[in-house]
Novice: 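There's a structure below that I have some questions on.
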Amino acid sequence: MGVHSAAERVLTGLDPEQRSAVTAPAGPVCILAGAGTGKTRAVTARIAYRALGGDIAARHVLAVTFTARAAAEMRSRLTVLGVQGVQARTFHAAALRQVRYFVPRLLAGRAMPELLDSKVRVVTLAAAKVGLRTDRAAARDLAAEIEWAKSSLVEPDEYPVAAAKALRETPYEPARVAEVFTAYERLKRGNGVIDFEDMLRAAVWGIEEHPDVAEQVRNQYRHFVVDEYQDVNPLQQRLLDVWLGGRDDLTVVGDASQTIYSFTGATSSYLVDFPRQHRGATVVRLVRDYRSTPQVVGLANAVISAARGAEARLRLELHGQRRPGPEPELRIFTDEPAEANAVAARCRALVAGGTPAREIAVLFRTNAQSEAYEKALSEAEVPYVLQGAERFFERPEVRQAMIALRAATRSVPGETPLRAAVVEGLTAVGWAPDAPPAGGAARERWEALAALVQLAEEYAATPEVVPIGEAAAVERPVTLTGFTEELARRAAQQHVPTVEGVTLASLHSAKGLEWDAVFLVGLAEGTMPTSYAKTPEQVEEERRLLYVGITRAREWLWLSYAAARSPGGRARRPSRFLPQLDRSGGGERAGGAGPARRAERRRPQVVSCRICGATLLAGADRKLGRCPTCPSDLDEELYERLREWRQRVAGAQKVPAYVVFTDATLTALAERKPGRVEELVAIAGIGPRKVGLYGEPVLALVAGATVDQVLPAEKFQNLAVNRLPSPEGEE
């Protein structure tokens, strides 16, 4: 096969936008790739097309991404395409390889310092050096702050000002964090160790300060590809800049609407500003979604369409390419246990119906929410696995709390109410009900222990009848001892093999993954968005997080929230990001009695586009019955007759024309051409009163009658007396 034909073969099966990305000329190229649009296929095909066509040598390509899994996938696809020798690595792996190679030259023969796997141990020692006693959660939060600062190129003495500008929720006063940061750096140097940020900085320093190293690196790597470019931080961008050395053969791939890691220092500003920073750059938008059904894609578009801020400038409207599927289910439950039980029941039904458990995911905002779903799935005998989180009863703070509660059974008076006894027992591990930390790992720890208090409340509210003989039974005493035994039982039940299971994951840890069926749970204000999102930028990041969750689903999607956290608890509002739910009629109100299945409120009315099948959420779109981007089938002659009829009716009634029917309703009538009353009332805004007033003439006009035929003198005069205001919900 010739060089030209081998390169052309790479283009087989690509859509027009992917083909444009692959064949773009050498130089700066920005591929804006929405979720499920085949970005990995496009970027690997671009590398292969250029390599097989003789434009570049594969050994001179460095492709960097953010996970080892993504790098391995890239290498695998390139091999299938017939291209060997491309270096596809994470930023850290690429930098580590270079530093290890050049360290004899950079350090005059000395060995490379040991690389820390985790900052937490050294941070704990550093905190003690400056007089701070920290537990593991606080040490993790301090380590996260130091990592953010170093990734953002912030030095210890600059931290207080930088943290204030970035509106960081710091675990201690910024000045104290800076002291720990300084002590941490001293301890590292004294022990001869470095962390991952030091290693990236070493790679930068080696190129910037050593011309021979720079020349060798730049001779080796001449063409660069960066995946997930919206997630780069300033330190990674600095490394990319020194790799490039002023050259511009750079392809970046990203989606500003999936920017969800700003708390780690990642910023989409480099993606947003790419065309301005690289004059003449080729920009390609991939918008054909091959992952999700049009119904899922429509909901994702609706959620992200309300986005504001810099990232919204690069917002992509996706177009589903799969066959239509089921409508997303939007559910409201009385409380979180009812929500979790309903999710578990549906998971069990999906598995029984043939959906593999590994193709189902339950996604939540915080890891502390997992316990309810672990419990519900266990009781429903549905296997599960936890993605990116420890099992609830295996978390260090939960294990410590269970030990403390067992100790408290010997010291807390037996007559103490269970909730109060549990709260008193948890004081031994530093927990207090009225002192939740600001956020981060410490907040996760607090929430996990708060979940134990909630379990105690549920345990006390549902005393169990224990049989003691054939004709007698006794009610189980609600005691702290009994509760600790209940916790041990739950912990034992959840230690089951879960190789094949429903995935439980936080939204952050779900990025980059996909499933056939996805449950997005706990979508209440205060959780999604989190109560810690106080600035417009933070709220927008929460919106993008929900968007990421929606786009994980291939076919089936469930969105839900509980009107109260626990039975009879304080009412909560649904997430502001959810489409407007129909809360009229059906079901029982939050806090009402009855089975969870009955307590579920009525499903909202979901309207699909009659052309492409996508979910319609905007009022005008629902009225038309189609997406604004789908082609109109307007009967212009009918539309003009309807307008003339409306003008004459409005004049007779002495009301504005829109009171009769709005322009949007006339358009819907001229497009949808209802032939029966049932089809007429299916158009949003046309209720029983409007049908009574105008149904007969409108149906006649649609059937071909003239305005004069439907408005004879006697009927025309009768219309003048029908001037009552329309009821709410009708036009």
Side-chain angles (χ1 to χ4, degrees), residues 35-36 38 69 73 289-300 318 320-333 336-365 369-389 391 493-494 496-507 509-523 546-562 596-597 600 603-604 606 608 613-615:
R69 183 180 62 84
E73 174 68 15
D289 188 316
Y290 298 96
R291 174 189 299 159
S292 306
T293 64
Q295 287 74 14
V296 173
V297 170
L299 181 60
L318 302 179
Q321 303 299 298
R322 297 187 57 178
R323 295 178 60 182
E327 298 291 348
E329 297 192 28
L330 309 176
R331 301 293 184 92
I332 306 173
F333 296 91
E336 287 184 353
E339 182 182 16
N341 289 335
V343 167
R346 183 58 65 89
C347 286
R348 182 170 182 171
L350 286 170
V351 172
T355 302
R358 65 179 178 277
E359 289 295 348
I360 304 171
V362 180
L363 307 182
F364 33 75
R365 176 62 181 84
Q369 293 171 264
S370 73
E371 194 278 334
Y373 295 92
E374 294 176 50
K375 173 178 177 292
L377 289 168
S378 292
E379 292 180 350
E381 299 182 337
V382 176
Y384 65 87
V385 293
L386 278 165
Q387 172 77 24
R391 294 177 182 274
Q493 282 185 346
Q494 293 177 24
V496 294
T498 55
V499 175
E500 167 74 20
V502 172
T503 300
L504 297 180
S506 71
L507 287 165
S509 65
K511 188 173 183 297
L513 304 175
E514 58 187 75
W515 296 270
D516 286 345
V518 170
F519 294 79
L520 296 177
V521 300
L523 302 181
L546 177 59
Y547 173 79
V548 166
I550 292 171
T551 55
R552 299 310 94 196
R554 298 191 192 104
E555 297 180 8
W556 193 88
L557 180 64
W558 159 305
L559 304 95
S560 63
Y561 90 101
R597 185 167 56 85
E600 191 181 317
R603 280 187 62 184
V606 180
S608 298
T615 303

Novice: If every non-hydrogen atom of Ser506 is compared with every non-hydrogen atom of Arg365, which pair is closest and at what distance?
Specialist: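 Heavy atoms of Ser506 and Arg365 come nearest at CB-O, 4.3 Å.
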Novice: Measure the spacing between CG of Leu513 and CG of Leu363 and express it to the nearest 0.5 Å.
Specialist: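 Atom-to-atom, Leu513:CG and Leu363:CG are 9.0 Å apart.
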Novice: Looking at Ile550 and Ala300, what are the two nearest heavy atoms and their distance?
Specialist: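 Result for this residue pair: CG2-CB, 3.8 Å.
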Novice: Check step by step if side-chain contact (heavy atoms from CB on, under 4.5 Å) holds for Glu339 and Tyr373.
Specialist: CA-CA 9 Å; Glu339 182 182 16; Tyr373 295 92; 3.4 Å; yes
Novice: If you take all heavy atoms of Pro294 and Pro324, which pair is closest and at what distance?
Specialist: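 The pair with the smallest heavy-atom distance is CD-CA, 3.8 Å.
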Novice: For Ala562 and Glu336, which heavy atoms make the closest approach, and how far apart are they?
Specialist: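 Looking at all heavy atoms of both residues, the closest pair is CB-N, 3.4 Å.
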Novice: Grab the two heavy atoms, one from Ala376 and one from Asn341, that are nearest each other, plus how far apart they are.
Specialist: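 Here Ala376 and Asn341 meet closest at CB-OD1, 3.7 Å.
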Novice: Salt bridge between Glu379 and Lys375, side-chain N to carboxylate O under 4.0 Å?
Specialist: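 So Glu379 pairs with Lys375 through a salt bridge.
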Novice: Out of Arg358, Arg554, Arg552, which residue meets the salt bridge (Lys or Arg N to Asp or Glu O under 4.0 Å) rule with Glu514?
Specialist: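 Looking at Arg358, Arg554, Arg552, the match for Glu514 under the salt bridge (Lys or Arg N to Asp or Glu O under 4.0 Å) is Arg554.
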Novice: Are Leu520 and Leu507 packed together at the side-chain level, in the sense that at least one heavy-atom pair is separated by less than 4.5 angstrom?
Specialist: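 A side-chain contact exists here, since the closest heavy-atom pair is under 4.5 Å.
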Novice: Would you compute the distance between atom CG of Leu386 and atom CD of Glu374 and round it to the nearest 0.5 angstrom?
Specialist: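 Rounded to the nearest 0.5 Å, the CG-CD separation comes to 4.5 Å.
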Novice: What is the distance from atom CZ of Phe364 to atom OG of Ser370, rounded to the nearest 0.5 Å?
Specialist: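 Going from the CZ atom of Phe364 to the OG atom of Ser370 covers 5.0 Å.
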Novice: What is the minimum heavy-atom distance between Phe333 and Ser560, and which atoms define it?
Specialist: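 Scanning both residues completely, I find the closest heavy atoms to be CE1-CB, 3.9 Å.
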Novice: So do the side chains of Gln369 and Val362 get within less than 4.5 Å of each other, counting heavy atoms only?
Specialist: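 A side-chain contact is absent here, since even the closest heavy-atom pair is not under 4.5 Å.
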Novice: Atom CD in Gln321, atom CG in Asp289: separation rounded to 0.5 Å?
Specialist: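 Output value for this atom pair is 8.0 Å.
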Novice: Please walk me through it: do Ile360 and Tyr384 pass side-chain contact (heavy atoms from CB on, under 4.5 Å)?
Specialist: CA-CA 9 Å; Ile360 304 171; Tyr384 65 87; over 6 Å; no
Novice: With rounding to the nearest 0.5 Å, note down the distance linking OG1 in Thr293 to CG in Leu557.
Specialist: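 So the gap between those two atoms works out to 8.5 Å.
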Novice: Using modelled atom types only, decide if a donor and an acceptor are shared between the side chain of Ser292 and the backbone of Val297 within a distance under 3.5 Å.
Specialist: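 Here the side-chain-to-backbone pair does not exist.
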Novice: Name each donor-acceptor pair under 3.5 Å that joins a side chain in residues 344-355 to protein atoms two or more places apart or in another chain, with its distance.
Specialist:
unit_1: Arg346; atom_1: NH1; unit_2: Glu329; atom_2: OE1; d: 3.4
unit_1: Arg346; atom_1: NH1; unit_2: Glu329; atom_2: OE2; d: 2.9
unit_1: Arg348; atom_1: NH1; unit_2: Ala380; atom_2: O; d: 3.3

Novice: Looking at CH2 of Trp558 and CG of Leu523, how far apart are the two atoms once the value is rounded to the nearest 0.5 Å?
Specialist: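 Those atoms lie 11.5 Å apart.
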Novice: Taking the side chain as everything from C-beta on, heavy atoms only, tell me whether Leu559 gets closer than 4.5 Å to Leu299.
Specialist: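 Yes, at least one pair of side-chain atoms sits under 4.5 Å.
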